[in-house]
Amino acid sequence: MNAARIFPVMCTLLLAAAAPSLGAERRITVVVDAQDALKAPVLARLRKAFQGSPLPTIHQFDRSEMSDAIQRGRLLAALQNSDLLVAIGDSATELVLRELEDVSVYFVGGSLIEGGRLASASLAGILSYNVEELLDAAKNLWSGKLGLAYTPGYEAIAASIRSGARTRGFTVMEKKILTLKDIPPAVRELLDQSQIIWIVGDPLLCRGAGFQFLTERALSKQVPIIAAGPWEVSHGAFLAIEPPPDAIASSASDDIKMISGGQDRPETQRIRMAPPGGKIVYNGPLAGTGKRNS
């Protein structure tokens, strides 16, 4: 295994610090859902950033093909050989994080990430949401107590939500959830004490039985949910955000070019929020609930 795959990317980029000349030798592969809205702006920015140097290999896939084991296997085999895998958009990010474990990943506009993977030094990238903008949207609709549910690995994001919420006058009630069995008691307590509840983008909270329990209880108590992405809004959450395509494409292409050249980035910037300028997405049928104050 070559040196670039032994040392995780973006955890102070130890490989680059030890041997910056190896940066250009990294095999960078880009993977994107052919229908993803971020595909065009990110690929356009990458082509511009890599003018005069080899462009990373690009693999596009059709989401419908991923149910075919042969098609999925071929794609994953091609991606597995990368030193750095760039996943554009939620669909690609979910695919590579679910199916691959031994490849360093840089995601662009991902919202659904397990806390354990988020904490890993082999993962870096730009989230699809901006905490400050979501908090501004919440402040325009509600005041009082904000319930926050998150999983291990999301401590830094929870701290940003906590700090920003308090500066906007919210009282923050929070629960760190470790397992599926922790969800019912934590959710009941948060819903009993909060005017609005925020769930971070761990699949434990945003998919499956955990999300179904949360939405059913929240709807019955008329407590709106702030979520990580539009999928959750279409399935019972109240609001989320879509990232600004051009701004996130520009930021991502700069990062990828920097990494390919072996440059360093502080650990504190390994996982970053989407740039400002995103579009707030509301659940239309729930929007009639109006403003809820304590």
Heavy-atom side-chain proximity of L79 to V96 below 4.5 angstrom: yes
ring-ring contact (aromatic ring centres under 6.0 Å, His included) evaluation trace for F170 with W198: CA-CA 12 Å; F170 286 103; W198 186 316; 9.4 Å; no
Straight-line distance of T171 OG1 to R166 CZ, nearest 0.5 Å: 8.5 Å
Short side-chain to backbone donor-acceptor contact, N283 and F238, under 3.5 Å: no
Option among I226, I241, V200, I161 that satisfies the side chain to side chain contact (heavy atoms under 4.5 Å, CB included) test with V131: I161
Sub-4.5 Å side-chain heavy-atom contact between T215 and I225: yes
Donor-acceptor contact present, side-chain E242 to main-chain K279, <3.5 Å: no
Heavy-atom pair of closest approach, residues S160 and L135: O-CD1, 4.4 Å
Any donor-acceptor N/O pair, S194 side chain to L191 backbone, under 3.5 Å: no
Carboxylate-amine/guanidinium proximity below 4.0 Å for K221 and D192: yes
Contacts of type side chain to side chain contact (heavy atoms under 4.5 Å, CB included), residue E132, not counting sequence neighbours: N130, R168
Donor on one side chain, acceptor on other, S91 and D36, under 3.5 Å: no
Q195 side-chain N/O to V223 backbone N/O, donor-acceptor pair under 3.5 Å: no
Connected via hydrophobic side-chain network under 4.5 Å: L180 and I113: yes
By salt bridge (Lys or Arg N to Asp or Glu O under 4.0 Å) - contacts of E99 (at least two apart): R72
Taking every non-hydrogen atom, the tightest pair across K139 and S143: NZ-CB, 4.2 Å
4.5 Å side-chain heavy-atom contact, L134 and I280: yes
Distance, nearest 0.5 Å, that separates CD of E189 from CD of E174: 11.5 Å
Heavy-atom donor-acceptor pair, T167 side chain to G164 backbone, under 3.5 Å: yes
Parallel, tilted or perpendicular: ring planes of F211 versus W231, cut at 30 and 60 degrees: tilted
Atom CD of Q35 with >12 non-hydrogen neighbours under 6.0 angstrom: no
Side chain to side chain, L100 and L85, heavy atoms closer than 4.5 Å: yes
T151 backbone acceptor or donor facing D202 side chain under 3.5 Å: no
Side chains of R272 and S251, donor plus acceptor under 3.5 Å: yes
Close side-chain approach of Q71 and L75, heavy atoms under 4.5 Å: no
Any donor-acceptor N/O pair, R270 side chain to L123 backbone, under 3.5 Å: yes
Sub-4.5 Å side-chain heavy-atom contact between I259 and Y106: yes
Salt bridge E155-K176, side-chain N to carboxylate O under 4.0 Å: yes
Side chains of D182 and T179, donor plus acceptor under 3.5 Å: yes
Min side-chain heavy-atom separation D33-L95 under 4.5 Å: no
Any donor-acceptor pair under 3.5 Å from S163 side chain to A159 backbone: no
Cationic N near anionic O, under 4.0 Å, R98 to E114: no
Option from V86, L127, L97 for which side chain to side chain contact (heavy atoms under 4.5 Å, CB included) with F107 holds: L127
ILVMFWY network linking L178 to L205, side-chain heavy atoms under 4.5 angstrom: no
